Every structure is written in C-alpha cells, then in structure tokens.
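None of these values were measured; they are calculated from a predicted model. Numbers here simply count residues along the sequence, with the first being 1.
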Amino acid sequence: MTPILHHADSDDDTLCSAAAFFHTFGISGLFNRSARTGKGIPPVRILQFLFALVFLRKTFFELVRENCLPWGKDTFYRFLSESRINWRRFLLLVAKRLLDTFFLPLTTERRDRVLILDDSIYSRNRSKKVELLSKCYDHCAHRYFRGFRMLSLGWSDGRSFLPLAFSLLGSAKEEKRFFGAADTDGRTSGARRRKEAVMKTSEAALILLDAALQNGIKADFLLFDSWFATNQFLHSVHRKGIRSIAMAKDFNSLQFLAVQKDGTKKRMKLADLYQQASPGLDRKDIPGSVLVEVDSGKDSQEAPLPVKVVFVRNRKSGAKRDWLAVLCTDTSVPDEEVVRIYGKRWSIEVFFKACKSMLRLGKEFQTRSYDSLVAHTSIVFLRYMMLSFELRRSEDDRAYGELFCRFCEELEDISFVASLALLLEMLKSAVRAGIALTETILEGMFAEFVRKTPRFLRNKMGVLTAFSMS
C-alpha cells in the first residue's frame, strides 16, 4: 500500500483535497523546519499517511491486522514517540501561513479577530500506565475521570475557527497522578512538554498565549470562560497588551473594587454589583452594566485594572439567577458589542465536538508515551485546519460533518480507481505476453473497452492516468 498523499507530489495532479492542502500551503516544508530529519523514511511521509488515515474509514489497528501498512508498525510508533519534534512550533507555523495567505485577506479590518482559550477532557479511563495519567475533574459532567485536560488556544474571526496550540495537562498535584513521566533529554521539546503538563492551568495558558503572540498571531481580544477569570489572570493578559472578554461568576477568586458615593472603594461580588447596575434600566436582554476595577491581590502594589461588567438575561430555564455577567477589560466597548464579541467563543466548542466525533481525538492510537499523545493530538488539529480551510473556501454552507464525509468518499474513490488501474495494467501485460500486438492497437482495444463500460465506471476511470504504473 502506497501512502495516498505521496501520489500528489506533482504540481498538476493533486488527487484529493488532503493532498492539495499539503501542496498549497507547503505543509511538508513547515514540518521539516520543526522536526530533525535523518536516514531512513522521511518523517513527513509518515505524517502524510497518518493525516489521511481518518478519511479511509479504517483504524490503524485494522491496517496492521490486514498487513496494509506501507512500512512496519514500529516505524509509526517511533515517529509518534519522537521527543525531538516540536509539534507546537509546527502547528503555529501552519496556522500563521493559513492566516497570512488565506483567512486574513478574506477578513475586513472592521471585523473583530479573537483568540479563544478553553479546555476539554481527554479521557483515558481504561489506561493504567500512560505517562502523567491523572485524576481530573469534568466540570460539565460533575465527575472525575482518568486522563488529561486538553487546554487549547484558537483564532477566530466569527466565521472560521483555526486551532493554534494546545497543552495536555495532567494534575499539578503529584498525589493525583497515577503514573510519572519518563526520563528524557532535558534539551528536547519532549522534556519541555512534560514540564508544562504538570503546571497550573493559568500558567500553561499564558505559555500558549506567549507562543501565539511571538509567532505573529494577532487578535483584538482574548475570550475565555469563567474558569480562567481570576484577578491575577486578567492582569497577566493585560500586561501582554491584549484585551480580555470573559464570562464572570461569583467566585472568591474574582472580586471587584466598586467606587462608593463617598469616593471610597469597596470590594464586592457580582450579586452586589447587579443590584447597583439594574435600577432604572429597561433594556430587555442587557439590563445594565457597571464600571469597576480589578486588583491583582490585596497586598499587590500594581495599579487596579478598570473593567466593564455587562449583565445579560439568563434564558436557561431553572437557573439559579436570572442574569449572566460578561466582563471586558476595555471599558470603551459598548455593552452590545461586548456580548456580541463574546458569542464568538462558541466556535471552540464546535471544534472540540468535531475533533472527538469525527477526527478520532483520543481514539486513534492507544499508546503510553506522552509524546505520542501530543503527536496524535497535533495531527487531529492539522486535520481540523484543513476542514476550516475547505469550509471557508466553499461557496455553500456545508457543515464540518458534510465536508468530512466528502473527504472520506473522495479517498474511497481514489482507492477504487487505483485498484482498477492495477487490474487493467495486469491485463495489458498478459495480452502483450500472449499476443503480438502494437501499442497503438492495444490502446485502441482498451479505449473501446472503456467506451462500452457503464457510465459510472467511465467517470471513475477518468483519473486513471494519475495512477499509471507503466
């Protein structure tokens, strides 16, 4: 079995959208800048095969069982477990090229561009000896699970979402980790990944943000959920020169300084602020807003950060409160704009759903190496980048699921055509050996054969020249 994307090396014959994606944006060259190459099979060839694997509707283990892999399975395991590949740099390089050459020219300057930060569960409940496997809490299901929290950073302009970077976080507490980290060379990317995996969520989030900004990713706002909205985190993001919009809840980790009538400042929570903001306002969906300050701690010498808190009607039935709060560190943004911009955060939830339901996140390989988990997740992120590119390029309003199915059907057609081409080549060889015919007569016979075949077969055989083995 030959790697599918290997057929698309020429400029004229790109056989599928996956191959066109690699060719158009020079993905192979970007990967070579992030991975050390040596003797043997080029790593980018292995990446191409694993990238297209999900669209074949077969798992890696099925191909192993059927002996259909182009190389030995140990080749793939060594590739996935390679600690010297800088997967984060690779994803950021690809994202930057996609933004510069495709997405940004389609986005007007008036449209707000945002970075979105959120985490999702990466479950490995049946595992026992996976590196840095931890006991983590799922805030949505309100239960504990074995695995990691996939902290992710993405870019959006309100229509397209592009994943930028991620970190698979174990528990920062050693007693909650079921298995330790393997010994690796401290100079490699793998060692840095393992060190980052046991950091606090806020520290890892700032590392992701720094990496994106240092690679030239620009945005107007950083959007995040209430789990990250703390006084210290808001100040840390502000120091990096980017404005924040976040959901706020009545946590002890988030308190505000409100100016009283006598000029003094009082530390207050959201429920008290709502009582101050709501009287006299009759807007239906946005009952009011209030200007307050956020300090970075009682004993901090840093100047408080002015923020605007916008209250929104809670339409969820059975909710404890009839309002929600969204805060913005830019007090000049109108209330309606704060709510509208924060609505763009939903695109990262769509991204998590697509990765888990279609792109086999956490299901494609059952390896124990932490580097393998990072490599697999990076390949899934790369697949989603292609879906975002195709969705934005297409003129219709197809969903990610429809595009995914089209890619699968496309590769199935290619596999069928390749098999048919092989059979015809074998038939040609047999005819040449048994009957003395010129090449012209032989081609004429096969042209007549193709003409008399059913129409759906003739359509498939229209790309046979791309698979010519003569």
Side-chain angles (χ1 to χ4, degrees), residues 17-18 21 51 54-55 91-92 94-95 98-99 102-104 106-107 111-123 138-141 147-168 205 208-209 212 217 219-228 244-247 312 315-316 324 326 338-364 376-408:
S17 298
F21 177 71
F51 175 84
V54 69
F55 304 111
L91 289 179
L92 286 170
V94 175
L98 282 167
L99 288 173
F102 182 74
F103 287 99
L104 290 181
L106 299 178
T107 307
R111 181 182 286 269
D112 298 302
R113 305 160 190 178
V114 298
L115 294 176
I116 308 173
L117 180 69
D118 202 358
D119 65 346
S120 181
I121 66 170
Y122 191 102
S123 178
D138 183 359
H139 295 282
C140 296
F148 305 87
R149 287 180 300 113
M150 187 178 70
L151 180 64
S152 304
L153 181 69
W155 177 94
S156 177
D157 60 354
R159 179 172 180 181
S160 301
F161 178 81
L162 206 62
L164 300 177
F166 70 93
S167 183
L168 294 180
L208 294 183
L209 182 58
I217 307 295
D220 300 305
F221 295 93
L222 174 67
L223 312 182
F224 47 91
D225 205 351
S226 58
W227 306 113
F228 303 94
S244 301
I245 298 181
M247 181 69 71
V312 185
R315 299 178 180 177
K316 184 178 180 181
L324 300 171
V326 181
V338 172
V339 178
R340 182 188 64 82
I341 295 171
Y342 184 74
K344 297 181 180 183
R345 197 198 68 84
W346 184 252
S347 58
I348 199 170
E349 302 291 352
V350 177
F351 162 70
F352 289 145
K353 180 66 175 178
C355 288
K356 294 177 181 179
S357 61
M358 294 185 300
L359 303 180
R360 295 180 187 166
L361 178 66
K363 303 174 183 177
E364 199 163 23
H376 160 62
T377 307
S378 300
I379 294 172
V380 171
F381 275 44
L382 187 63
R383 291 167 180 165
Y384 193 89
M385 289 182 183
M386 183 184 72
L387 291 178
S388 295
F389 164 68
E390 288 291 338
L391 188 66
R392 188 64 176 266
R393 188 178 65 168
S394 60
E395 296 180 357
D396 56 356
D397 294 326
R398 287 177 292 184
Y400 285 104
E402 294 174 289
L403 279 174
F404 174 76
C405 293
R406 182 177 70 83
F407 293 152
C408 293

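- The minimum heavy-atom distance linking Leu162 with Ala95 is given by the pair CD2-O, 3.8 Å.
- A donor-acceptor distance shorter than 3.5 angstrom exists from the side chain of Arg383 to the backbone of Phe51, with no hydrogens or angles considered.
- Rounding to the nearest 0.5 Å gives a distance of 9.5 Å between CG of Asp118 and CE of Met150.
- In this structure Phe389 satisfies the ring pair (Phe, Tyr, Trp, His ring centres under 6.0 Å) test together with Phe25, Phe102, sequence neighbours excluded.
- Between the His139 side chain and the Trp227 main chain, no donor and acceptor come within less than 3.5 Å of each other.
- In this structure, the side-chain contact (heavy atoms from CB on, under 4.5 Å) partners of Ile121, at least two apart in sequence or on a different chain, are Asp138, Phe145, Lys356.
- Under the 4.0 Å criterion applied to side-chain N and carboxylate O atoms, Glu349 and Lys344 are not assigned as salt-bridge partners.
- In this structure, Lys353 NZ and Leu361 CG are separated by 12.5 Å, a value rounded to the nearest 0.5 Å.
- Of the listed residues (Val312, Ile245, Leu324), just one forms a side-chain contact (heavy atoms from CB on, under 4.5 Å) with Tyr342, and that residue is Ile245.
- Applying the side chain to side chain donor-acceptor pair (under 3.5 Å) criterion to Asp157, with sequence neighbours excluded, gives Thr107, Arg392.
- The two residues Phe161 and Ser347 come nearest to each other via the heavy atoms CD1-OG, 3.5 Å.
- Partners of Phe221 according to the ring pair (Phe, Tyr, Trp, His ring centres under 6.0 Å) rule, which considers only residues two or more places apart in sequence or in another chain, do not exist here.
- Here Lys363 contributes atom NZ and Ser357 contributes atom OG; the two are 7.5 Å apart, rounded to the nearest 0.5 Å.
- Of all heavy-atom pairs spanning Ile348 and Ser152, the tightest one is CD1-O, 4.0 Å.
- What you find for Pro163 and Tyr384 is that their closest heavy atoms are CD-CD2, 3.7 Å.
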Take Phe351 and Ser388 through the test side chain to side chain contact (heavy atoms under 4.5 Å, CB included) and record every step on the way to the result.
CA-CA 10 Å; Phe351 162 70; Ser388 295; over 6 Å; no
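- To the nearest 0.5 Å, the span separating CG on Leu391 from CZ on Arg159 amounts to 7.5 Å.
- Every residue two or more places apart in sequence or in another chain that forms a side-chain contact (heavy atoms from CB on, under 4.5 Å) with Asp220 is listed here: Asp112, Arg113, Arg243.
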Walk me through whether His376 and Phe381 qualify under side chain to side chain contact (heavy atoms under 4.5 Å, CB included).
CA-CA 9 Å; His376 160 62; Phe381 275 44; over 6 Å; no
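- The shortest side-chain heavy-atom distance between Leu98 and Phe21 falls under the 4.5 Å cut-off.
- Partners of Phe224 under the ring pair (Phe, Tyr, Trp, His ring centres under 6.0 Å) rule, at least two apart in sequence or in another chain, are Phe233.
- Atom CZ of Arg111 sits about 12.0 Å away from atom CG of Leu104, to the nearest 0.5 Å.
- From Leu115, atom CG reaches atom CZ of Arg345 across 14.0 Å, with rounding to the nearest 0.5 Å.
- The shortest side-chain heavy-atom distance between Leu222 and Leu153 falls under the 4.5 Å cut-off.
- Relative ring orientation between Phe148 and Tyr122 is described as perpendicular, the plane-to-plane angle rising above 60° on a 0-90° scale split at 30° and 60°.
- Within the 4.5 Å cutoff, the side chain of Met385 has heavy atoms near those of the Val94 side chain.
- Taking each heavy atom of Leu208 and Leu151 in turn, the nearest pair found is CD1-O, 3.7 Å.
- Leu164 and Leu91 make their closest contact through O-CB, 3.5 Å (heavy atoms, listed as atom of the first residue, atom of the second, distance).
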